[in-house]
There are 2 protein chains.
Amino acid sequence: MGADAEHMQKLIEAQDRFVASWGQMAGAWGISRTMAEAHALLYITGRPMNTDEIMDRLQISRGNASMSIRALVDWGIISRTHKRGDRKEYFEADQDVWSMFRSIVRERMKREVEPLLATLFEIRDASPAPDEGSDAAQEDLLAHQRRLDEMLTFLQTMERLSHRFISPSGSGLELAAQLLTGLDR
Amino acid sequence: MGADAEHMQKLIEAQDRFVASWGQMAGAWGISRTMAEAHALLYITGRPMNTDEIMDRLQISRGNASMSIRALVDWGIISRTHKRGDRKEYFEADQDVWSMFRSIVRERMKREVEPLLATLFEIRDASPAPDEGSDAAQEDLLAHQRRLDEMLTFLQTMERLSHRFISPSGSGLELAAQLLTGLDR
DNA sequence: TGGTTGTTTCAGAATGTTTTGAAACCAACG
DNA sequence: CGTTGGTTTCAAAACATTCTGAAACAACCA
């Protein structure tokens with residue numbers, strides 16, 4: 001066995017380990033294990049793969065592969081490609097970790113924070129205004145309003161933050177992060 | 001019916017809605033729905049409650065309440081209190097949204113990012129070094145190393161960021177957030 | 001000590017999520 | 001058209017998580 005073959009085996013082993021540990025994080029990112037694994041695979045191998053290759057490598061069913069891949073495409077962290085003379089669809093992972101991260105945050109803000117914000121506004125509007133009643137009751141209502149507002153302000157700040165640094169143009173986040181961590185002591 | 005009673009009912013309704021929508025976010029924060037609801041309840045009512053009150057209000061079993069409360073205490077976002085002349089334990093939520101957020105991030109970094117980082121370091125060390133073999137193979141190994149390193153760097157940056165702004169002393173995060181969002185245009 | 005009150009544990013039940021595999025679908029090509 | 005190569009869908013099965021309720025435990029008090 002040549003050095004190449006030997007290395008290749010270790011490489012594949014390392015890739016598999018990467019895939020597995022990435023899969024464990026799945027829950028944390030709000031995606032299913034398979035989704036995470038598929039993404040990890042595409043990221044760490046760094047080359048486009050088609051559905052069958054992914055199925056084989058991860059030992060999953062066609063249906064599962066299809067679903068997971070589609071979801072990843074929806075999230076915007078992998079993209080479709082094609083190979084000349086091959087009718088199959090190929091998929092490749094965004095190779096820029098920061099832009100990957102931006103996609104994830106963007107998507108989660110959209111799916112989780114935005115709806116929550118909307119609901120909280122509704123609740124605030126439907127909450128009784130502290131305009132009458134006994135002093136004690138008024139005090140309660142005011143405190144209630146204050147707590148709602150604090151939460152709203154917090155979430156809005158987060159949203160603005162994310163829009164600014166995560167979403168559209170660029171590397172704002174990375175720069176900022178490095179800047180901020182750089183401010184040592 | 002007096003204005004107070006009327007208001008009180010609406011207030012309770014608003015609280016329930018808050019609890020419910022907070023509960024929906026549960027998955028997102030990596031905690032169970034009940035945990036989220038219990039926390040929401042304590043936060044929005046703003047007063048210490050004991051296990052029985054929480055059970056009754058959320059319509060959950062004693063076991064579930066006990067588990068969820070304990071977990072919240074472990075996360076550091078609610079704390080035990082006592083009432084004079086009452087043997088029951090009471091619990092109250094951190095009323096500062098930012099410090100709450102810091103606790104959550106701290107805990108999740110500890111539980112999710114730190115172990116992942118450790119594993120990735122291991123994987124990197126076990127990956128074959130590109131010291132011999134054909135050029136093409138070397139190229140592959142180098143690319144693999146590069147991808148691992150990028151991910152490691154990213155996660156380490158995140159960790160440093162979180163340690164700096166989230167963890168120990170203070171309001172670093174809030175300040176930073178306001179600062180950053182303030183930098184408009 | 002025995003009784004009373006309050007808390008934790010845990011096996012099994014209920015519920016929710018993910019995966020499979022086969023069938024339906026779709027587009028291109030001869 | 002009808003066949004081929006490929007992708008998507010979806011009901012049922014496997015799996016995982018969460019919840020219940022009753023029993024065990026612990027602390028306090030008379």
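Computed from a prediction, not measured in an experiment: that's the story for all the values here. By convention in this document, chain letters (A, B, ...) are assigned in the order of the sequence lines, proteins followed by strands, and residues within each chain are numbered from 1.
When rounded to the nearest whole Å, the span between CG of B:Asp86 and P of C:dG6 equals 7 Å. Look at CE on B:Met35: it is 15 Å from P on D:dT17, rounded to the nearest Å. One can place CD1 of A:Ile31 at 16 Å from P of C:dT17, the figure rounded to the nearest angstrom. One can place CD1 of B:Ile69 at 14 Å from C1' of D:dC19, the figure rounded to the nearest angstrom. If you measure from atom CZ of A:Arg62 to atom P of C:dG21, you get 12 Å, rounded to the nearest angstrom. If you take NE2 of B:His82 and P of C:dT5, they are 18 Å apart, rounded to a whole angstrom. D:dT7 atom C1' lies 9 Å from atom CZ of A:Phe91, rounded to whole Å. To the nearest angstrom, P of D:dC28 lies 16 Å from NZ of B:Lys88.
Listed here is the closest heavy atom pair of B:Ala65 and B:Met55: CB-CG, 3.7 Å.
To the nearest 0.5 Å, the span separating CG on B:Asp52 from CZ on B:Arg57 amounts to 15.0 Å. With values rounded to the nearest 0.5 angstrom, A:Tyr43 atom OH is found 9.5 Å from A:Asp94 atom CG.
A salt bridge links A:Glu122 to B:Arg17: at least one charged side-chain nitrogen sits closer than 4.0 Å to a carboxylate oxygen.
Residue-level contact check: A:Ser32 touches the backbone only, with heavy atoms under 4.0 Å from sugar-phosphate atoms and none from bases.
With C:dT8, C:dT20, D:dT9 as the choices, the nucleotide that has an atom nearest any side-chain atom of A:Arg70 turns out to be D:dT9. Ranking C:dT19, C:dT9, D:dC19 by closeness to the B:Ser66 side chain, first place goes to C:dT9. Comparing D:dT18, D:dC10, C:dT8 against the side chain of A:Met67 picks out D:dC10 as the nearest. Side chain of A:Thr34, nearest nucleotide from C:dG6, D:dT7, C:dT19: C:dT19.
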B:Glu112 vs B:Arg108, salt bridge (charged side-chain N to carboxylate O under 4.0 Å, His left out): CA-CA, chis, key distance, verdict: CA-CA 6 Å; B:Glu112 285 146 20; B:Arg108 297 202 63 179; 3.1 Å; yes
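When each of B:Arg87 and A:Arg80 is assigned the nucleotide of DNA chain D bearing its nearest heavy atom, the one mapping closer to the 5' terminus is A:Arg80.
Neither side chain, B:Thr153 nor B:Asp149, offers a donor N or O lying under 3.5 Å from an acceptor on the other.
A sub-4.0 Å separation between OP1 or OP2 of C:dT20 and a side-chain N or O of A:Asn64 is present.
Within residues 38-59 of chain A, the residues approaching DNA chain C are A:Gln59, by heavy-atom distance under 4.0 Å.
Classification of the B:Trp29-B:Phe101 ring pair by plane angle, with boundaries at 30° and 60°, yields perpendicular.
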